[in-house]
Amino acid sequence: MDAQTPDFTIAVEAVKGRCPAGERYALEQIAQRRTPVLACEGPCIRGEIARLAANLVAAQGPGLARACHAEAFFVPHSAMSQWVRGAERSVMIDGCFLQCHGRVLRQLTAPQRVIHFDAFRLHRKYADVFSMDDVPEAQRRETAREVADAVLGELSKTEPSAALPGT
Ligand code: SF4
């Protein structure tokens with residue numbers, strides 16, 4: 001079996017309406033010129049650590065805020081999508097080298113606008129584990145903290161006005 005996937009597209013069904021809370025939140029982030037922070041949020045331990053780390057990064061990084069990747073990707077008329085697509089920079093934390101959501105985000109915006117992190121490369125734990133329930137919660141949180149600290153350290157090295165609008 002070929003271990004590589006060529007570029008491909010998938011069709012997404014149309015949808016009507018908007019999430020009222022998501023609209024209010026995203027419009028506020030646009031007004032404040034905050035940088036979106038997204039995570040792959042996969043259900044395995046790697047995705048869960050990425051999700052927890054993204055929450056910590058967004059809470060602590062100046063000018064950063066969590067974005068909903070699914071609404072940004074699949075509800076193109078939403079303010080969430082408008083925010084993410086229009087941001088000068090986005091921070092994307094994927095759970096592993098497959099970069100599932102980073103690969104989409106780079107197409108949705110532009111590769112140079114995405115500051116991408118592979119959380120597994122930053123912690124290198126639980127390589128043979130799938131379910132997050134097989135790792136105690138305290139360890140999940142401790143590992144996410146390690147990842148978040150590494151991400152925040154890298155972001156602090158970037159040029160603030162370019163990487164973190166709103167700071
Ligand atoms: S990047 Fe890795 S952890 Fe995240 S959704 Fe893809 S396969 Fe799962």
Side-chain angles (χ1 to χ4, degrees), residues 1-13 15 19 22 25-26 29 34-61 64-76 78 80-85 87-155 157-158 163-164:
M1 192 169 71
D2 195 336
Q4 293 192 18
T5 304
D7 288 348
F8 72 104
T9 58
I10 57 172
V12 178
E13 290 182 8
V15 67
C19 165
Y25 174 81
Q29 307 320 311
R34 294 199 178 107
T35 295
V37 179
L38 304 97
C40 77
E41 322 211 18
C44 72
I45 182 61
R46 284 160 290 284
E48 175 65 3
I49 289 170
R51 183 185 74 82
L52 293 171
N55 290 344
L56 294 168
V57 167
Q60 289 185 249
L64 304 175
R66 278 289 259 139
C68 172
H69 74 273
E71 192 176 7
F73 292 177
F74 305 128
V75 188
S78 67
M80 191 72 67
S81 189
Q82 182 189 338
W83 174 37
V84 170
R85 285 185 287 118
E88 290 178 36
R89 294 284 187 278
S90 293
V91 176
M92 177 75 229
I93 305 175
D94 268 314
C96 76
F97 74 99
L98 289 173
Q99 302 186 31
C100 292
H101 291 182
R103 290 183 288 116
V104 177
L105 186 59
R106 286 193 287 268
Q107 298 300 310
L108 196 65
T109 59
Q112 66 273 19
R113 291 186 177 188
V114 179
I115 305 171
H116 186 269
F117 296 92
D118 169 352
F120 179 77
R121 287 189 61 180
L122 297 173
H123 65 78
R124 297 193 178 280
K125 295 176 184 169
Y126 322 122
D128 297 325
V129 177
F130 184 84
S131 174
M132 67 174 186
D133 292 330
D134 289 338
V135 176
E137 184 178 357
Q139 288 183 29
R140 284 181 238 153
R141 295 196 173 279
E142 184 180 316
T143 305
R145 179 75 265 170
E146 286 175 28
V147 171
D149 288 345
V151 169
L152 287 166
E154 285 301 312
L155 292 177
K157 297 176 192 168
T158 61
L164 304 175

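Any value given below was found using the heavy atoms of this structure, including those in side chains, with hydrogens, waters and symmetry copies removed. Sequential numbering from 1 along the given sequence is applied to the chain's residues. Every number for a ligand or one of its atoms is a count from 1 in the order of the listing.
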Undergrad: Is any NZ, NE, NH1 or NH2 atom of the basic residue among Glu41 and Arg46 found under 4.0 Å from an Asp or Glu carboxylate oxygen of the other?
TA: no

Undergrad: Under 2.8 Å from atom 2 (Fe) of ligand 1, which protein N/O/S atoms are there?
TA: Cys96 SG

Undergrad: Would you please say whether a donor-acceptor pair under 3.5 Å links the side chains of Arg106 and Gln112?
TA: no

Undergrad: Which one of Leu52, Leu122, Asp118, Val57 satisfies the side chain to side chain contact (heavy atoms under 4.5 Å, CB included) criterion with Val147?
TA: Leu122

Undergrad: Is the shortest distance from a Lys or Arg side-chain nitrogen in Glu137 or Arg140 to a carboxylate oxygen in the other one below 4.0 Å?
TA: no

Undergrad: Give a yes or no on whether Gln60 atom CD has more than 12 heavy-atom contacts from other residues, nucleotides or ligands under 6.0 Å away.
TA: yes

Undergrad: Quick one: do Glu48 and Arg51 make a salt bridge, cutoff under 4.0 Å?
TA: yes

